[in-house]
Chemist: 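Shown below is the structure under consideration.
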Amino acid sequence: MGYDHKKIETKWQKYWDEHATFKCDVYDFSKPKYYILDMFPYPSGEGLHVGHFENYTATDIMARMQRMRGYNVLHPIGWDAFGLPAEQYAIKTNHHPEQFTRTNIERFKKQLRRAGFSYDWSKEIATIDEDYIKWTQWIFLKLYEDGLAYVSYQPVNFCPALGTVLANEEVIDGKSEVGGFPVIRKPMRQWMLKITAYADKLEEGLSTLDWPHSTLEMQKNWIGRSFGTRVVFDVKGKDVSFNVFTTRVDTLYGCMYCCLAPEHPLVAKITSEDKKDEVEAYLKKIASKSDLERTDLNKEKTGVFIGAYAINPINGEEVPIYIADYVLANYGEGAVMAVPAHDERDYAFAKAHGIGMRQVLEGDISKEAFTGDAKHINSPLINGLNIDESKKVLNEYLKKIGKGEEKITYKLRDWLFSRQRYWGEPIPVVYLDDNTIVPLNESDLPLTLPHLDEYKPSGTGESPLALAKDWLDVTIDGKHARRETNTMPQWAGSCWYYIRYLDPHNDKCIADPKLIEHWLPVDLYVGGAEHAVLHLLYARFWHKVLFDHGIVKCEEPFKKLFHQGMILGSNYEKMSKSRGNVVNPDDLIEEFGADALRFFEMFMGPLEASLPWNDNGVEAARKYLDRVYRLIELPENAKKISDTNDHSLDYVYHYTVKKVTEDFLNLQYNTGLAQLMVLTNEMYKATTIYKPYLVGLIIMLSPVSPHLMEEMYEMLGYDGSLSTANWPTYEDKCLKKNDVTIGVQINGKLRGTITIDVEADEKAIEEAALALPGVQKYIEGHEIKKIIVIKHRIVSIVIN
RNA sequence: GCCCUGGUGGCGAAACUGGUAGACGCACAGGACUUAAAAUCCUGGGGUAGUGAUACCGUGUCGGUUCGAUUCCGACCCAGGGCACCA
């Protein structure tokens, strides 16, 4: 019937608890450190799902393995506990969101313990804890001191249905990411973080990281660094000029008009009298468009001539100035020089507005803009040169005449850091009656949330905190002041939690500097690819700020990053309640045990792949574990266990140790486990099982299915927990085989195999290959042109 | 449209720096054990033709390089993820 998973798993979970088996002494610097981190969960009302399990099992295996390999392993867990669902629950029920959150945390904890994850629970943190909020706010004050946090009244995305402002990243196609409600533009007082000040450092740091290629690409694209030129255009007849940004300064001779963003400050100043009405009407049209419409209409290039002309600094030509909404106010200089012949957008605009074009590169522009590299024409200073050479020449020239310079711009925008919500960290500043901002003193932290009778958004955009009169009004140095009602976004707490884990109860500083220096950066960080940009970019940003303050000593927080794939429903669709394909881990643990679930989730395929759930999978994993168990439980197998080595398993065992060790360290658990199955199968076939090899199997399997392996270790007569056992090693001499089987190809087709002594020289291999009857048959009557012998691999015979 | 990732049996997947494609597992089939079934243990499974040894075909498609290509190169098709007028 197999082992009693309930009894065994409960027994060992209790043992680990009572012996504090996985508590990490962070001050023990005698062993090399290994810091392995999971992206901490948001404690939702739905509990842990199989996807969480995949993530946490993967890291748990690494943690358990590295402990056995002699590392001091830090493997903590905590709760990303602020978040919208708790607030929405509070709005509905009028209960405090913390109540909801704490209940969920307890449920998650129970599930994690049942899964047997080897977390150091003494390091547990939640972002909503007062002594955590304190340091989140403390970091905010550092950002404020540095001028990296500032108030801005720019238009922001307001979602009437949620009654709150959203970050650009939370708006998808003009609708809120959560709920899918329409979003409009509305000017409001906001806190911004100047992440753009770190754009360069964030870009540069990417090259030092051992991260998935696609994630590095995404961050690179998000930061969007581009090298170009700022060119100065004077406005004809007025004493003003404007800048444009271009990455193609080489096409300057082909500039037929200039285009300002509708919001450009110069528009009002230089619009001619007769064009005022037209411009006004256009601006009105733009303003009423939502982001959705603005991007939707991107097929048609709209814009109007504003009755002014700019002077092209390269040739003194006067070109008309337009405004058009395809020019973005907050990128580059908010203005472009338009070269219809060599830019797709300018081409479309010119066609639509009857503007001519001048070709300045050789190429076909009859149907579309030519954007490739070629020789320049119609460009006196650079005729005959290609793009790169031309840029160099023109950059130098523009610099000399004071009309431009090389410039770097970024797509990255500043981070909208405030939310008009209750359930977030209060922003630790107050406003005097004259609107002067006064940051709180460090000694006043943490600034905690007041209890409210109602948690509904005020609807005007201000957070429910505006209703907490007693909390809101304060006296600072005898003067009346009002607290900031905005709170921080959920991202805030997750920006630095990996630091707090080192020293979660420190009330003097965010963590003991000695610990920060020793333990950071995180050696391995595992979590979903959905955080490829936002969380991982924000956390890197804060880390770099803390680095500049000397608080952390390394420039990047997460040395190696890994994204586990998504587990899909058995119908290949994303698991969701509405699709009815959600798999509940609790039921599976109940029926097959945590060990089996852990095993299956690692065995089902590569960790990074998104794979469909297979209902038989967990049962199959369980059957394998039963099979391992029977190696000692079944009398006829137990009889075979011997303290004397008959060497029959030497090769397969040592090969398995090598492969499993390498595969596990590379997070290729599926192939490592396959090899453990091979070893198990061989043990079944063997007449004698050398006991140390059996122990080796148990140890290698223990990170994956720890409870049963602890039990088996005990059954074999060993004391204590496997966590103090040593990871097995292999000997090269056991990996040597006496002979190898290699293929024999004739003209690329496999015609036979030979088994030959590994030491055999090429000549002997060649002879053995030619001697094969199957080979002879093909060679007869043909001339052998060439024989290629690759030792231990293949013999390739070429005939005509 | 642009960027990234991937496409291998009925299914999940393996395959070192180009070297016997399909390890391991699921499902399936056969055998042993059993009165029987379940469980277990053993064996067999890429396709087509053939009783058979064997032959031919086969890693999304088409071409190329090579003695040899899942692996390298070119073009294309499909799926997933990201970005979206970024000058």
Side-chain angles (χ1 to χ4, degrees), chain A residues 1-2 173 212-222 224-226 228-229 244-249 251 259 294-295 297-299 301 324-328 330-339 343-346 348-349 409-413 529-530 532-533 563 565-566 568 570 572 600 603-606 608-617 619-621 623-624 626-627 630 634 636 662 668 670-678 680-681 684-685 741-754 774 777 785-799:
Chain A
M1 203 60 262
D173 289 336
H213 175 75
S214 57
T215 303
L216 292 174
E217 274 312 301
M218 270 193 249
Q219 290 222 348
K220 216 175 264 179
N221 291 339
W222 194 266
R225 181 164 72 176
S226 68
T229 308
V244 305
F245 175 74
T246 177
T247 55
R248 290 294 305 276
V249 69
T251 62
C259 213
R294 246 172 113 153
T295 48
L297 292 173
N298 79 37
K299 295 273 179 290
K301 293 267 178 294
D325 70 351
Y326 81 89
V327 178
L328 307 173
N330 45 15
Y331 179 76
E333 301 285 346
V336 300
M337 63 175 220
V339 184
D343 180 280
E344 283 171 41
R345 294 147 305 182
D346 300 344
F349 188 87
T409 59
Y410 302 90
K411 286 184 201 171
L412 187 68
R413 318 269 171 85
E530 67 272 20
V533 180
H563 297 306
M566 200 183 303
L568 306 171
S570 44
Y572 292 78
F600 170 63
F603 183 68
M604 61 193 285
E608 67 273 23
S610 289
L611 298 170
W613 187 258
N614 176 343
D615 289 325
N616 296 320
E619 191 176 352
K623 278 184 185 169
Y624 169 70
D626 277 328
R627 191 168 152 86
R630 277 193 298 273
L634 213 63
E636 68 240 48
E662 289 170 358
Q668 288 160 347
N670 55 327
T671 51
L673 292 178
Q675 186 57 37
L676 287 173
M677 287 176 158
V678 171
T680 309
N681 291 343
Y684 265 84
K685 283 181 205 152
T741 302
I742 64 175
V744 180
Q745 290 182 343
I746 296 173
N747 284 355
K749 278 190 200 268
L750 187 72
R751 296 299 182 189
T753 59
I754 53 171
K777 194 172 80 185
K785 289 168 73 179
K786 203 174 2 170
I787 299 181
I788 297 155
V789 177
I790 310 290
K791 265 195 184 177
H792 305 177
R793 297 263 186 246
I794 204 143
V795 180
S796 188
I797 301 168
V798 189
I799 59 177

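What you are looking at is a predicted structure, and each value in this text was computed from that prediction instead of being measured. A note on names: the letters A, B, ... follow the listed sequences, proteins ahead of strands, and every chain is numbered from 1. Heavy atoms only: backbone and side chains are in, while hydrogens, waters and symmetry mates are out.
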Chemist: Would you mind telling me which of B/A13, B/G19, B/G12 lies closest to the side-chain atoms of A/Tyr572?
Modeler: B/G12

Chemist: Among B/G19, B/U20, B/C67, which nucleotide has an atom closest to any side-chain atom of A/Thr753?
Modeler: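 When the side chain of A/Thr753 is considered, B/U20 is the closest of B/G19, B/U20, B/C67.
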
Chemist: A/Glu530 CD to B/C83 P: how many Å, rounded?
Modeler: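 Those two atoms, CD and P, are 13 Å apart.
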
Chemist: Given the rule in the side chain to side chain contact (heavy atoms under 4.5 Å, CB included) test, do A/Asp346 and A/Tyr326 qualify, once you have shown the distances and angles that lead to the verdict?
Modeler: CA-CA 10 Å; A/Asp346 300 344; A/Tyr326 81 89; 2.8 Å; yes

Chemist: Yes or no on side chain to side chain contact (heavy atoms under 4.5 Å, CB included) for A/Met604 and A/Asn614, after CA distance, side-chain angles and deciding distance?
Modeler: CA-CA 8 Å; A/Met604 61 193 285; A/Asn614 176 343; over 6 Å; no

Chemist: Mind checking who B/A13 pairs with, Watson-Crick or G-U wobble, both distances under 3.5 Å?
Modeler: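 None - no nucleotide pairs with B/A13, as no candidate has both distances under 3.5 Å.
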
Chemist: Assign A/Phe349 to base, sugar-phosphate, or nothing according to its heavy-atom contacts below 4.0 angstrom with the strands shown.
Modeler: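 Nothing: the residue A/Phe349, judged by heavy atoms under 4.0 Å, touches no strand.
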
Chemist: If each of A/Ile797 and A/Ile790 is mapped to the nucleotide of RNA chain B with the nearest heavy atom, which maps nearer the 5' terminus, i.e. the 5' end?
Modeler: A/Ile790

Chemist: With side chains defined as the heavy atoms from C-beta onward, is the minimum distance between A/Thr246 and A/Val336 less than 4.5 Å?
Modeler: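 Side chain of A/Thr246 against side chain of A/Val336, heavy atoms only: no contact under 4.5 Å found.
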
Chemist: Considering only heavy atoms from C-beta outward, does the side chain of A/Thr215 approach that of A/His563 to under 4.5 Å?
Modeler: yes

Chemist: In whole angstrom, give me the gap between the C1' atoms of B/G74 and B/C57.
Modeler: 25 Å

Chemist: Are there over 12 heavy-atom neighbours, none belonging to A/Met566, within less than 6.0 Å of that residue's CE?
Modeler: no

Chemist: Starting at the 5' end of RNA chain B, which residue's closest nucleotide do you reach first, A/Gly743 or A/Lys777?
Modeler: A/Gly743

Chemist: Now, which nucleotide makes the Watson-Crick or G-U wobble pair with B/C28, with each of the two distances under 3.5 Å?
Modeler: B/G44

Chemist: I need the CG-P distance between A/Asn330 and B/C85, as an integer number of Å.
Modeler: 11 Å

Chemist: Pick base, sugar-phosphate or nothing for A/Lys786, based on heavy-atom distances below 4.0 Å to the nucleic acid.
Modeler: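 Sugar-phosphate contact only - A/Lys786 comes under 4.0 Å of backbone atoms but never of a base.
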
Chemist: Which listed nucleotide (B/C67, B/C57, B/A87) is nearest to the side chain of A/Leu328?
Modeler: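 Side chain of A/Leu328 sits closest to B/A87.
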
Chemist: Looking at B/U20, which nucleotide sits across from it as a Watson-Crick or G-U wobble partner, both distances under 3.5 angstrom, or is there none?
Modeler: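 Looking at the geometry, B/U20 pairs with no nucleotide.
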
Chemist: How many whole angstroms separate atom CZ of A/Phe600 from atom C1' of B/A13?
Modeler: 12 Å

Chemist: Give one of base, sugar-phosphate or nothing for A/Val336, where a contact means two heavy atoms less than 4.0 Å apart.
Modeler: base

Chemist: Categorize A/Lys220 for me: base, sugar-phosphate, or nothing, with a 4.0 angstrom heavy-atom threshold over every strand shown.
Modeler: nothing

Chemist: Taking the P atom of each, how far is B/A69 from B/C56, in whole Å?
Modeler: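 So the two P atoms sit 15 Å from each other.
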
Chemist: Measure the distance from NE2 on A/His792 to C1' on B/G19 and round it to the nearest whole Å.
Modeler: 13 Å

Chemist: For B/A13 and B/G60, measure between their P atoms and round to the nearest Å.
Modeler: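 Those two atoms are separated by 14 Å.
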
Chemist: Got a donor-acceptor pair under 3.5 Å from the side chain of A/Arg630 to the base of B/C41?
Modeler: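 It does not, because no donor-acceptor pair links the side chain of A/Arg630 to the base of B/C41 below 3.5 Å.
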
Chemist: Touch check for A/Tyr684, heavy atoms < 4.0 angstrom, all strands: base, sugar-phosphate only, or nothing?
Modeler: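 The residue A/Tyr684 makes sugar-phosphate contact but no base contact.
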
Chemist: With respect to the phosphate group of B/A87, does any side-chain polar atom (N or O) of A/Tyr331 fall under 4.0 Å of OP1 or OP2?
Modeler: yes

Chemist: Mind checking if A/Leu611 touches a base, just sugar-phosphate, or nothing, with heavy atoms under 4.0 Å?
Modeler: sugar-phosphate

Chemist: Look at atom CD of A/Glu530 and say whether more than 12 heavy atoms of other residues, nucleotides or ligands are closer to it than 6.0 Å.
Modeler: yes

Chemist: Just checking A/Gly748: base, sugar-phosphate only, or nothing, at a heavy-atom cut-off of under 4.0 Å?
Modeler: sugar-phosphate

Chemist: Taking atom C1' of B/A39 as reference, at what distance in whole Å does atom CG of A/Leu634 sit?
Modeler: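 Rounded to the whole Å, the gap is 12 Å.
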
Chemist: Could you check whether A/Ser226 gets within reach of a base, just the sugar-phosphate, or nothing at all, counting any heavy atom under 4.0 Å?
Modeler: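 Counting heavy atoms under 4.0 Å across all strands, the contact made by A/Ser226 is with sugar-phosphate only.
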
Chemist: Considering all heavy atoms of both residues, which atom of A/Ala324 and which atom of A/Cys259 are nearest to each other, and what is their separation?
Modeler: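 Looks like CB-SG, 3.4 Å.
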
Chemist: For B/U61, give its Watson-Crick or G-U wobble partner with both distances under 3.5 Å, or none.
Modeler: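 Base-paired to B/A75.
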
Chemist: Check the distance between B/U20's P and A/Ile742's CD1 and give it to me in whole angstrom.
Modeler: 10 Å

Chemist: Within this structure, what is the OH-to-P distance between A/Tyr410 and B/A87, rounded to whole angstrom?
Modeler: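 Roughly 13 Å, once rounded to whole Å.
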
Chemist: List the steps and the verdict of side chain to side chain contact (heavy atoms under 4.5 Å, CB included) for A/Ile746 and A/Ile797.
Modeler: CA-CA 5 Å; A/Ile746 296 173; A/Ile797 301 168; 4.2 Å; yes

Chemist: Under a 3.5 Å cut-off for both distances, is B/G1 Watson-Crick or wobble paired, and to whom?
Modeler: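 Result: B/C83.
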
Chemist: With syn defined as a glycosidic torsion within 90 degrees of 0 and anti otherwise, which applies to B/G9?
Modeler: syn

Chemist: When rounded to the nearest Å, what value does the distance between P atoms of B/G63 and B/U54 take?
Modeler: 31 Å

Chemist: What distance, rounded to whole Å, do you find between the two P atoms, one in B/A75 and one in B/U5?
Modeler: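 Going atom to atom, P in each nucleotide, I get 15 Å.
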
Chemist: Using a heavy-atom cut-off of under 4.0 Å over every strand shown, decide if A/Pro212 touches base, sugar-phosphate, or nothing.
Modeler: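 Answer is nothing: A/Pro212 stays at 4.0 Å or more from every strand.
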
Chemist: Decide yes or no on side chain to side chain contact (heavy atoms under 4.5 Å, CB included) for A/Val798 and A/Asn747, but give the supporting numbers first.
Modeler: CA-CA 5 Å; A/Val798 189; A/Asn747 284 355; 3.7 Å; yes

Chemist: Specify the glycosidic conformation (syn or anti) of B/G45, with syn defined as within 90° of 0.
Modeler: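 What B/G45 shows is a syn base, its glycosidic angle lying within 90° of 0.
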
Chemist: Work out which heavy atom in A/Ser226 is nearest to a heavy atom in A/Thr247; give both atom names and the distance.
Modeler: OG-CG2, 4.1 Å

Chemist: Which nucleotide, B/C67, B/G19, B/C56, lies nearest any side-chain atom of A/Arg751?
Modeler: B/C56

Chemist: Round to a whole Å and report the spacing from CD1 of A/Ile787 to P of B/G68.
Modeler: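 After rounding, the reported distance stands at 16 Å.
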
Chemist: Between B/C24 and B/G44, how many Å separate the two P atoms, rounded to a whole number?
Modeler: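 Looking at atom P only, B/C24 and B/G44 are 10 Å apart.
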
Chemist: Looking only at atom C1', what distance separates B/G25 and B/G9, rounded to whole Å?
Modeler: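 B/G25 and B/G9 have their C1' atoms separated by 14 Å.
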
Chemist: Could you give the distance separating B/C41 and B/U48 at their C1' atoms, to the nearest angstrom?
Modeler: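 Between the two C1' atoms, the distance is 34 Å.
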
Chemist: Within the 4.0 Å limit for protein heavy atoms, which parts of nucleotides 1-8 of chain B are touched? Write it as a string from 5' to 3', B for base, S for sugar-phosphate only, - for none.
Modeler: --SSS---

Chemist: What one-letter contact string describes nucleotides 21-33 of chain B from 5' to 3', where B marks a base within less than 4.0 Å of any protein heavy atom, S marks contact via sugar-phosphate atoms alone, and - marks no contact?
Modeler: --BBSSS------

Chemist: With side chains defined as the heavy atoms from C-beta onward, is the minimum distance between A/Arg248 and A/Asp343 less than 4.5 Å?
Modeler: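 No, too far: nothing below the 4.5 Å cut-off.
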
Chemist: Can you see which heavy atom on A/Tyr624 is nearest to which on A/Thr680, and at what distance?
Modeler: OH-OG1, 2.6 Å

Chemist: Are A/Ile788 and A/Gln745 packed together at the side-chain level, in the sense that at least one heavy-atom pair is separated by less than 4.5 angstrom?
Modeler: no

